[in-house]
Amino acid sequence: MAGRYRDGVPVVELRGAVALLGNFPALAGVDLTVESGEVVLLRGPNGAGKTTLLRLCAGLVRPESGSVEVLGHDLVRERRSVRRRVALLGHATGLYDDLTVNQNVRFWARAAGLSAVEATERTASALLRMGLSERLLGQPVHTLSAGQRRRASLAALVVRRPGLWLLDEPHAGLDQSGRDVVDGLVGDAVAAGATVLVSSHELERVAGLGPRVVTISGGVVVDDTGPAVGGGSRV
Amino acid sequence: MTHLGYLIAGWGISLVVLGGYALRLVRRGRSLSAEVPEDRRRWLESPGTDRD
Amino acid sequence: MSEVRRFLGDAGLVAARDLRIEFRSRVVVGQVVPFALLVLVLFGFALDADHRTLRMFASGLFWVAVLLSALLAVHRSAALELSDGTLDALRMSGLPPAALFLGKATAVFVQLMLLEVVLLGGLLVLYGVQVVDPMLLLVSGLLAGVAVAAAGTLYGALASGLGVRETLLPILLLPVLAPVLIGATRAFDDALGSVAVDGWAWTGLLAVAALIATVVGALAHGVLIED
Amino acid sequence: MTGLDETPGTTGSRGSRLLGCVALASLGVLGVLAFVLTGPDVRIHPTTGEEFGQFDAVRMLYLHVPMAILMYASFLLCAVASVGVLVKRTPWWDVMAHSTAEIGTVLCGLVLVTGSIWGRPVWNTWWEWGDVRLMTTLVLFLLFAGYLALRSTTSDPRRQERQAAVVALVAVLDIPLVNRSVAWWENRTLHQRSTLEELKIEDLTLFTLMFGFLTFGLVVWWLTLQRFRVGWLERAAIDHAVGSAIAERRSETSAVELDAAIGVPGDPAGEESP
């Protein structure tokens, strides 16, 4: 079962969070609260700070100031322990070009601490769920298309059954069937009690995933349609 | 005075290099001080304070 | 006890991955080992190749060739993590950094051993050396290999963690390996009978260097790959 | 000139200027001691009776030996500060580590130069591979040249505080290994006993050496103080720039909030790239 977080305590709580990209203040004071089981759509132009926000929640970026709490971990004090329970899909695939799809996903499963048997079993089911044909599994990743690579990297995250999903523009470069797979993945995650943050600079692509839309611009949250109780998206 | 040439070279190079380095430091200090008027005093802070 | 077994398992997992990548891509076997042999040949040209001088300098030339080749192997190992966001994925995976270090260092070590064996063949054939003390040769070759692999992986991690240009790797790594170069050369001088010196004492120094490099590398790895 | 302790616009302070003057004065006195008051090193050979020794070259030691000792002191300070960086994440230690490393490397270069110049007449070679101290100093110079190369790869020191600390600690850890390997290694070439023991130490030579150490101690202290302040100002300048960038980014956004609030779709004031 996915890490169903204790009710009441929000999965993500940012208060005045500031984070830098080099010397540039990508996040200039973000306030955001996400409850367990929610699907939050992050909207905003390029350079608004969406990617940095996701990386901040994943514990990969050092908060300059403000408070950052994810899954009960205070990321200002210690950033490594939360990572194991979080899945971050970035623009890069996180796959080794020279290894096959199977070898890659299986490595990430074992790296997440699964036993050999568990890893094999979950790798197979994850790759099936991502709609990758049998023929591709034995091929080295560098022979795959961008869309196939995206599905393989998603599979490498599915095997970890994380409590929090952070998807950075997951639909970019995917065909319609690819997009259906991603939407299905979000559905599975919510069904398993996980929390999902999805970012995209085109709202219509993610609109169907969930009611709550948070708009980010200039490194701060400029609009938030509020938790599920709020109305439809306000575009 | 034997080896005078070597002595002048040795002492000369050392003093010139140290002098040049000191000059560079003072000049860099001066240009940086201009950029940061109000924080300047904090360089004498005791080592323990945690400013992070 | 299971904690240690788990840790070694993680290290083995990373080592197996790096070696599998090498097996499939053949970068070290196909490019670095030929480079090492080429260095031996270039030394031959440079020292106008009469057997007596080559035999006298054989161990020094051998280890300079190993060090230069190690730079390429370490750079390749570090570049793996810069390729496509895999460093972030490794940080997210929860693998203990020390296990990550031991795994990558082991993979580099295995490649260096292969390199040393091939280069030794080059010495025997091209330079016509005779091995007087094979055990000393083996032990010092192994220990020096551990020291080079460990120190190399440490600085490789630093380069990939900061994403700095790889031209920084030689200036950081080679001065630290000066004692290893001296020790290994001296040990091989004794093993090849070219200089009357106590090779086993030098092997002791190599062991100390290998131990320090491995311990410091493992402890520092977490710091090095975090930016 | 306000009565303030710091003159605005420079890293100078009353304390540092006093220190600077004292250092310069003692340098002058050292010069007189080293070149005028002390005599050359001339010894009579017990059997052949002819003169031998370093003659006036010995005057170089009043410069070379103090700088060598202070070089090691600087690198040791750098190691301590690097441990401080790894243990406590305060910027003070990082600025101290960087400052002492830079000054240590300058001193190291000068020790190599003066050592080589001094070696030319005494050992009639510019470089004596057999001398343990010279060789150790050379490798030490290369180690910290690497450290400074790493430091110069980025303008923002905060991004690589801990990595640089690891490099400094590995360099310092490597010194005993280098020293031992060079010492064992050079027993194949001629062995050079430490020049200090050879020297016939009468009181004035010893006094000049000690005074030299004191003088260069003051010089290095002044340099470290200035370099620390420059390092601190660099960080303060970056913090200042980041602070104003954050403020500017926030003010720029409030204009956007109005647009978002009244439902104006599309991108705010143009695309910013990070």
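Lettering follows sequence order; numbering is per chain, from 1.
- Interatomic distance, A:D98 CG to C:R20 CZ, rounded to the nearest 0.5 Å: 12.5 Å.
- Rounded to the nearest 0.5 angstrom, A:R55 CZ and C:M92 CE are separated by 9.5 Å.
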| message | Run A:T100 and C:R24 through side-chain contact (heavy atoms from CB on, under 4.5 Å) and show every step you take. | response | CA-CA 10 Å; A:T100 68; C:R24 295 182 72 94; 3.6 Å; yes
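- With respect to chain A, the highest number of heavy-atom pairs below 4.5 Å among C:L95, C:L13, C:D10 belongs to C:L13.
- In C:E3, the CD atom is not crowded: 12 or fewer heavy atoms of neighbouring residues, nucleotides or ligands sit closer than 6.0 Å.
- In this structure, no portion of C:L87 lies under 4.5 Å from any heavy atom of chain A.
- At a 4.5 Å heavy-atom cutoff, the contact between C:P97 and chain A is made by side-chain atoms alone.
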| said: Let's go through C:D84 and A:R149 carefully: what are the C-alpha distance in whole Å and the side-chain angles of both, what is the deciding distance for salt bridge (charged side-chain N to carboxylate O under 4.0 Å, His left out) to 0.1 Å, and is it a yes or a no? | reply: CA-CA 11 Å; C:D84 203 356; A:R149 258 202 276 253; 5.1 Å; no
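- Side-chain N or O atoms of A:R80 include one that pairs as donor or acceptor with a backbone N or O of C:G222 at under 3.5 Å.
- Ranked by heavy-atom pairs shorter than 4.5 Å toward chain A, the options C:D88, C:L80, C:T86 are led by C:T86.
- With chain A as the partner, the residue from C:A99, C:S93, C:S25 showing the most heavy-atom pairs under 4.5 Å is C:S93.
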